[in-house]
J.: 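Can you read through this structure? Questions will come right after.
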Amino acid sequence: MTTFIWIAAVVVLIGIYLSWTAGRLDRLHARIDAARAALDAQLLRRASVAQEIGTSGVLDPAASIVLYQAAHAARQAPEDGREVAESELTQALRATLGEREQVAAVREAPAGEQTLAELTAAVRRVPMARRFHNDAVRAARAVRRHRVVRYFRLAGHAPFPLAFEMDDEPPAVLGDPHLPA
């Protein structure tokens, strides 16, 4: 009888551990979903402001076309090509707003100060949102690598989480406090 009690206690403890691990994994997947939604919002905001600058007529026509097309492509990109499209938008931002004169031209336009402030905020928030998302992915992957999680299929049918890798280095002069007002 004592052996049966010990076996039952061990089975209950294992069940509690498995339930706790499954709950933890579920919370990590929810965190990934929330971080991805935040990242998508920041990327959309950045693309929208870049598209607005591209259509404003402030930049020279070639720069306007490059910026507008990159922003449009980033907004319309399918999920499997999103990282490349967002990286191309980053490169277009660096190319079109990489010099003080270009940023000053945007700033001098009507509502340019506000548009530039929105773009600066967006390009600063994208790397943070991407970092939060990738940290959540890294944590979920670490839990999913455990043998117990794999053997008992505690992840269920949730897809394996993937990091969002892109070039998110903003233009060097964007947000520089030494720009002429």
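If you read the sequence from its start, that first residue is 1, and numbering goes on from there. Every heavy atom of this structure was used, including side-chain atoms; hydrogens, water molecules and symmetry mates were not.
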J.: If we ignore angles and hydrogens, is there a donor and acceptor under 3.5 Å between the side chains of R107 and T115?
T.: no
J.: Could you go through residues 58-66 and list every donor-acceptor pair under 3.5 Å that involves a side-chain atom there, pairing it with any protein atom two or more places apart or in another chain?
T.:
| unit_1 | atom_1 | unit_2 | atom_2 | d |
| --- | --- | --- | --- | --- |
| D60 | OD1 | A62 | N | 3.2 |
| D60 | OD1 | A63 | N | 3.1 |
| S64 | OG | L59 | O | 3.3 |
| S64 | OG | D60 | O | 3.2 |

J.: Give the minimum heavy-atom separation between L97 and P171, together with the two atoms involved.
T.: O-CB, 3.4 Å
J.: Can you see which heavy atom on L28 is nearest to which on A140, and at what distance?
T.: CD1-CA, 3.9 Å
J.: Rounded to the nearest 0.5 Å, what separation is found between the CZ atom of R141 and the CG atom of N134?
T.: 8.5 Å
J.: With side chain to side chain contact (heavy atoms under 4.5 Å, CB included) as the test, would you mind laying out the steps for F164 and D40 before giving the verdict?
T.: CA-CA 11 Å; F164 194 87; D40 286 342; 5.6 Å; no
J.: Take E118 and R45, measure what salt bridge (Lys or Arg N to Asp or Glu O under 4.0 Å) needs, and give me the verdict at the end.
T.: CA-CA 9 Å; E118 287 179 32; R45 182 177 178 205; 5.6 Å; no
J.: Is any side-chain heavy atom of R130 closer than 4.5 Å to one of E165?
T.: yes
J.: Could you tell me which non-hydrogen atom of A50 sits nearest to which non-hydrogen atom of L89, and how far apart they are?
T.: CB-CD1, 4.0 Å
J.: Any side-chain heavy atom of R144 within less than 4.5 Å of one from H29?
T.: yes
J.: Do you know the tightest heavy-atom contact between A85 and A74?
T.: CB-CA, 3.8 Å
J.: Donor-acceptor pair, distance only, cut-off 3.5 Å: does the side chain of D167 make one with the backbone of Q91?
T.: no
J.: For residues 146-161, run the donor-acceptor check on the side chains, cut-off 3.5 Å, and write out each pair with its distance to 0.1 Å, sequence neighbours left out.
T.:
| unit_1 | atom_1 | unit_2 | atom_2 | d |
| --- | --- | --- | --- | --- |
| H146 | ND1 | A142 | O | 3.3 |
| H146 | ND1 | V143 | O | 3.1 |
| R150 | NH1 | R145 | O | 2.6 |

J.: Using distance only, find each side-chain donor-acceptor pair of residues 8-22 under 3.5 Å and give its atom names and separation, not counting sequence neighbours.
T.:
| unit_1 | atom_1 | unit_2 | atom_2 | d |
| --- | --- | --- | --- | --- |
| T21 | OG1 | Y17 | O | 2.9 |

J.: After noting the C-alpha distance and the side-chain angles of D135 and R131, does the key distance pass the salt bridge (Lys or Arg N to Asp or Glu O under 4.0 Å) rule?
T.: CA-CA 6 Å; D135 287 346; R131 198 170 306 121; over 6 Å; no
J.: Looking at R94 and E169, would you say the former's side chain and the latter's main chain have a donor-acceptor pair under 3.5 Å?
T.: yes
J.: Would a hydrophobic clustering, with Ile, Leu, Val, Met, Phe, Trp and Tyr connected at side-chain separations under 4.5 Å, put V126 with V123?
T.: no
J.: Distance check, rounded to the nearest 0.5 Å: R24 atom CZ versus D26 atom CG?
T.: 12.5 Å
J.: In Å and rounded to the nearest 0.5 Å, what is the CD to CD distance from E101 to E108?
T.: 11.0 Å
J.: What are the two closest heavy atoms between L67 and L93, and how far apart are they?
T.: CD1-CD2, 3.6 Å
J.: Look up atom CZ in R75 and atom CG in L44, then write down how far apart they are to the nearest 0.5 Å.
T.: 5.0 Å
J.: Could you tell me whether the side chains of R138 and H133 share a donor-acceptor contact shorter than 3.5 Å?
T.: no
J.: Looking only at atom types and distance, does a side-chain atom of Q102 sit under 3.5 Å from a main-chain N or O of E99, one as donor and one as acceptor?
T.: yes
J.: If I compare all heavy atoms of R46 with all of L119, which pair ends up nearest, and what's the gap?
T.: O-CD1, 4.2 Å
J.: Please answer whether the main-chain N or O of A38 pairs with a side-chain N or O of Q42 as donor and acceptor at a distance below 3.5 Å.
T.: no
J.: Please round to the nearest 0.5 Å and tell me the distance separating atom OG1 of T120 and atom CZ of R125.
T.: 11.0 Å
J.: Determine, step by step, whether R82 and L43 satisfy the side chain to side chain contact (heavy atoms under 4.5 Å, CB included) criterion, reporting the C-alpha distance in whole Å, the side-chain angles of both residues, the deciding distance to 0.1 Å, and the verdict.
T.: CA-CA 10 Å; R82 184 99 187 265; L43 291 171; 3.6 Å; yes
